[in-house]
Amino acid sequence: MANIISDETIEYVGILAKLELSEEEKEKAKKDMGEMLDYIDKLNELDTSDVEPMSHVFPVHNVFREDVVTNGDDRENILSNAPEHNEESFIVPKTFD
């Protein structure tokens, strides 16, 4: 195990995570964190020079259709159904003074 985690690091991580760890839990956390860092070091040994960088595992594309106006401005027809209206909008009673 090349990565050795100090007691101060475990204390700091515990404070950040708002955890109260017993001494036994701290020792286990040190061991686990060391193993994680060792695994990351192992992954860094891989040659990824021919691998294209990506942001998602699967190809992502826009699944929405294009926004196309189909009915245009049908204001007269819409306002014809209103009980009261002026030339461009509905007229409704006041809800508060």
Closest heavy-atom pair and its distance - I78, F90: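 I78 and F90 have their closest heavy atoms at CG2-CZ, 3.9 Å.
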Test side-chain hydrogen bond (donor to acceptor under 3.5 Å, both in side chains) applied to [X] - qualifying residues, sequence neighbours left out:
{"X": "N81", "answer": "none"}
{"X": "D47", "answer": "S49"}
{"X": "S89", "answer": "N86"}
{"X": "D50", "answer": "none"}

To which residues is [X] joined in a hydrophobic cluster, defined by side-chain heavy-atom contacts under 4.5 Å among Ile, Leu, Val, Met, Phe, Trp and Tyr, whether direct or through other members?
{"X": "L43", "value": "Y39, L46"}
{"X": "V51", "value": "none"}
{"X": "V69", "value": "none"}
{"X": "F96", "value": "none"}

Please round to the nearest 0.5 Å and tell me the distance separating atom CE of M36 and atom NZ of K31.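 Here the interatomic distance stands at 10.5 Å.
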So how far is it from I10 CD1 to I15 CD1, rounded to the nearest 0.5 Å? 11.5 Å
Group every Ile, Leu, Val, Met, Phe, Trp and Tyr by side-chain heavy-atom contacts under 4.5 Å, then state whether Y12 and M33 land in the same group. no
According to side-chain contact (heavy atoms from CB on, under 4.5 Å), who are the partners of N77, at least two apart in sequence or on a separate chain?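 For N77 the side-chain contact (heavy atoms from CB on, under 4.5 Å) partners, ignoring immediate neighbours, are D74, S80.
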Tell me, with the steps shown, if D32 and I5 meet side chain to side chain contact (heavy atoms under 4.5 Å, CB included). CA-CA 9 Å; D32 290 344; I5 308 300; over 6 Å; no
Sorted by chain and number, sequence neighbours left out, salt bridge (Lys or Arg N to Asp or Glu O under 4.0 Å) with E25 holds for none
Under the rule for salt bridge (Lys or Arg N to Asp or Glu O under 4.0 Å), what residues qualify as partners of E87, not counting sequence neighbours?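 For E87, no residue satisfies salt bridge (Lys or Arg N to Asp or Glu O under 4.0 Å) once neighbours in sequence are set aside.
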Residue pairs passing the salt bridge (charged side-chain N to carboxylate O under 4.0 Å, His left out) test where at least one lies in residues 5-20, sequence neighbours excluded: D7-K30, E11-K26
Does the pair K28 and E24 meet the rule for a salt bridge (charged side-chain N to carboxylate O under 4.0 Å, His left out), with working shown? CA-CA 6 Å; K28 179 156 178 27; E24 182 181 300; over 6 Å; no
